[in-house]
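Worksheet: the structure to be examined is printed underneath.
Just so it is clear: chains get the letters A, B, ... in the order the sequence lines come, proteins before strands, and each one is counted from 1.
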2 protein chains.
Amino acid sequence: MKVVTIKDIARLANVSVTTVSRVLNHRPDVNPETREKVERIIEENSFVGNQNARGLKQTSEVVGLIIRGRSNPFLNSLAEAILDCAASLSDFFVTEYIDEKADEFETALRMTKQHRIKGMIFVGSLIDDRVHAIHGLEIPVVFTTVNAMAASLKNASSVAVDDRSMGRLVGEELLSLGHRKIAVFGSNPVAGDSLAMRFLGFCDAYADRGLTFEHQYYRECRFSMEAGYAAAREYFSNHSDTTALFAMSDAVAIGAIRALKDLGRNVPEDVSVVGFDGIDLCRFTIPRLNTVEQPVEEIARRSVNLLLDMMEKGAAPRHILVNAFYRSRDSVAAPHILP
Amino acid sequence: MKVVTIKDIARLANVSVTTVSRVLNHRPDVNPETREKVERIIEENSFVGNQNARGLKQTSEVVGLIIRGRSNPFLNSLAEAILDCAASLSDFFVTEYIDEKADEFETALRMTKQHRIKGMIFVGSLIDDRVHAIHGLEIPVVFTTVNAMAASLKNASSVAVDDRSMGRLVGEELLSLGHRKIAVFGSNPVAGDSLAMRFLGFCDAYADRGLTFEHQYYRECRFSMEAGYAAAREYFSNHSDTTALFAMSDAVAIGAIRALKDLGRNVPEDVSVVGFDGIDLCRFTIPRLNTVEQPVEEIARRSVNLLLDMMEKGAAPRHILVNAFYRSRDSVAAPHILP
DNA sequence: AACGATATCGGTAACGTTTCCGGTAATAGA
DNA sequence: TCTATTACCGGAAACGTTACCGATATCGTT
């Protein structure tokens, strides 16, 4: 199978490969007539540049995308938005999914070497101690859905919702309805990360009313329906007086609602449930899920702009907080057993 | 940032680049001592081969993966299984997501040129008239979740569940419970594709009992919750006597259940619903969804084996039908309004 | 002792593209 | 008319890796 190369195009167009390359890269210094002729020949032969050869030159601006979890619909929609939004801006994207326990620094480093990547976006990453190793990458990176300010990495920007405010909003919503015994299902919070911030905000709402959140109402739980189910099953078997649940992910909330049903408790009549992220599914569950909707498009747009600024203009890292939106639906009600 | 290349390793190990390459590719003709030394140096410098340079050589066996729809959980889990299963077998995977309306031949052709791909797996593809263009690819391809036998492409294998049998099984299940007015939400069926087969099987079940399926009960519907919702909303507003629904995708079923609820009809008391695919979510919805579970791991394993056989041994295309499993849960019951 | 077989290794030419440097021709300015 | 500038283009060297071919050394055979 003969594949057509830039050399073939050059021969057919009676120009040098250099000129074809110039046309391909929209360089200004080529005669309009020549350009047109070359473009026609490219079109006729449906020539597509070989990405391997391009990538071999150290100059190409390939950017990497690391996504934690292929099955997470929220992260998937975010990744999709990023790719859409960068389609016209960057040369090429190489994306890689990693699982929950994978080390993102290791992955990033390997990708950098394997593909000569010049910038990286992390979708749904964790900020923990190991993240400081990102220093070693020496390429600009952007973290999404997590505020990396606290990590103070010199080559890392971040775009995230204002988790603390949103946590507070959820707390206020539930407290103002009269709930007092509220469970929180978070996951593995590290000082300064998104989850910790949401939780802090949630506690702020308590403090506003002179209340304090008691730790016995908190459960650690991975971000899956399965885990949400298991956590709720365990928790509500032992805490029958709890009237509300704040799940820090929609998947967890959906698993929990199912577990509550199996325990003979209805949502929202017996227990109110609030999720986080705002995945499509929330609009179709029974009951429809109250949740905090993350502005996926905005996060995507700002992330790629941030990365491009850093890559092309050498801009300094920035940490952007965007606004989220509390969406009220059918999974929250006042507790009918008043204290 | 200085990246270490095979040349650096060769220099540090006092061998030629050729020898390092041999070590990298596990060639037999290298002295064990030398091999060990080189491997040590590679390890010490955490050297990773440049994929671009590898891909530039026409010999590397890169395989492509085309997935229709990033947000489809079933296809995502299938893609994940394929990647897992091929991780050790192939040199490198390049995956690309396409949307509903994209032409898979165009995409495949571009990928082939752009990345010098030697084999391709389609995850969740459509078999329509255009697919014959895959001929032009001249590389072995495997279609998953669709039986490509009818298309009789000389370079294409396929792995799919026995759609016709499963369609029949669903039909039997519902008919034997006493349902007679059953809606079917499929999508855009082309002669010989998966959906058409499921539908044919469903009609078989009718025929077995001397009944015939009437076309007024059929609705076309894209594979999303949104579309399932809209279709159900329209359909059940006009067909209040229908007591069951066979949705050819779990997402459609879930959207439909929500629509039924909004119409004041409960599942399964008023309407029974059966889905297709067996995504995780089915176990957590209210009610839990009856569905046909596709054997994701088996489809994945057989697909990569098929492709590898074709790529390496030049094996002839084969079309494999695997067994699916009807999972009975809470969304199906006997109709309480008997005819 | 001469020979062939085998194990182990190195030099070099590709792969397809971009970039650097330089060259020619046309045009403008003096 | 001469020079300087500009527009446009081409040759050749890289990028990192692998494949091909050939070279040497060792060892067993006759």
Side chain to side chain donor-acceptor pair (under 3.5 Å) assessment of A/Ser46 paired with B/Lys113: CA-CA 10 Å; A/Ser46 63; B/Lys113 293 172 178 175; 2.9 Å; yes
Check the pair A/Glu96, A/Leu65 against side-chain contact (heavy atoms from CB on, under 4.5 Å), reporting the backbone distance first and the verdict last.
-> CA-CA 6 Å; A/Glu96 189 144 336; A/Leu65 199 66; over 6 Å; no
Stepwise side-chain contact (heavy atoms from CB on, under 4.5 Å) check, A/Ile134 with A/Phe122
CA-CA 11 Å; A/Ile134 298 286; A/Phe122 292 89; 3.8 Å; yes
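Whole-Å rounding puts the A/Ile9 CD1 to D/dC9 C1' distance at 18 Å. In this structure, A/Asn31 atom CG and D/dT6 atom C1' are separated by 13 Å, rounded to whole Å. Rounded to whole Å, the distance from CZ on A/Arg27 to P on D/dT6 is 20 Å. For the pair B/Asp29 CG and D/dT18 P, the interatomic distance rounds to 14 Å; values are reported in whole Å. Spacing between atom CD1 of A/Ile6 and atom C1' of D/dC15 amounts to 15 Å, rounded to whole angstrom units.
Comment: A/Arg302 engages A/Glu298 in a salt bridge, judged by a side-chain N to carboxylate O separation of less than 4.0 angstrom. Note on A/Glu106 versus A/Arg110: no salt bridge recorded, every NZ/NE/NH1/NH2 to OD/OE distance being 4.0 Å or above. Between A/Arg40 and A/Glu44, at least one side-chain nitrogen of the basic residue sits less than 4.0 Å from a carboxylate oxygen of the acidic one, meeting the salt-bridge criterion.
A/Asn45 contributes no side-chain N or O that, together with a main-chain N or O of A/Phe47, makes up a donor-acceptor pair within less than 3.5 Å.
Heavy-atom contacts of chain A under 4.0 Å fall on DNA chain C between two terminal nucleotides, which in 5' to 3' order are C/dG16 to C/dC20.
Between A/Thr34 and D/dC9, a side-chain N or O to OP1/OP2 separation shorter than 4.0 Å is present. At the phosphate of D/dC15, neither OP1 nor OP2 sits under 4.0 Å from any side-chain N or O atom of A/Arg54.
Nearer the 5' end of DNA chain D, as judged by each residue's closest nucleotide, is the contact made by A/Pro32, out of A/Val17 and A/Pro32. The residue among A/Asn50 and B/Val20 whose nearest nucleotide of DNA chain C is located toward the 5' end is B/Val20. Nearest-nucleotide assignment on DNA chain C puts the 5′-proximal partner with B/Arg35, out of B/Arg35 and A/Leu24.
At the heavy-atom level, B/Asn14 lies under 4.0 Å from the strands shown only through sugar-phosphate atoms. Using a 4.0 Å heavy-atom distance criterion, A/Asn52 is classed as making no nucleic acid contact. Using a 4.0 Å heavy-atom criterion, one finds that B/Gly55 contacts no nucleic acid atom at all.
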Could you write out each protein N or O paired with an N or O of nucleotides 20-23 of chain D at a distance under 3.5 Å?
none

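Taking the side chain to side chain donor-acceptor pair (under 3.5 Å) definition, one finds that A/Arg222 meets it with A/Glu100, sequence neighbours left out.
Counting distance only, with no hydrogens placed and no angle test, the side-chain atoms of B/Lys57 and the base atoms of D/dA19 include no donor-acceptor pair under 3.5 Å.
Between atom CD of residue B/Glu43 and atom CD1 of residue B/Ile9 there is a gap of 10.5 Å, rounded to the nearest 0.5 Å.
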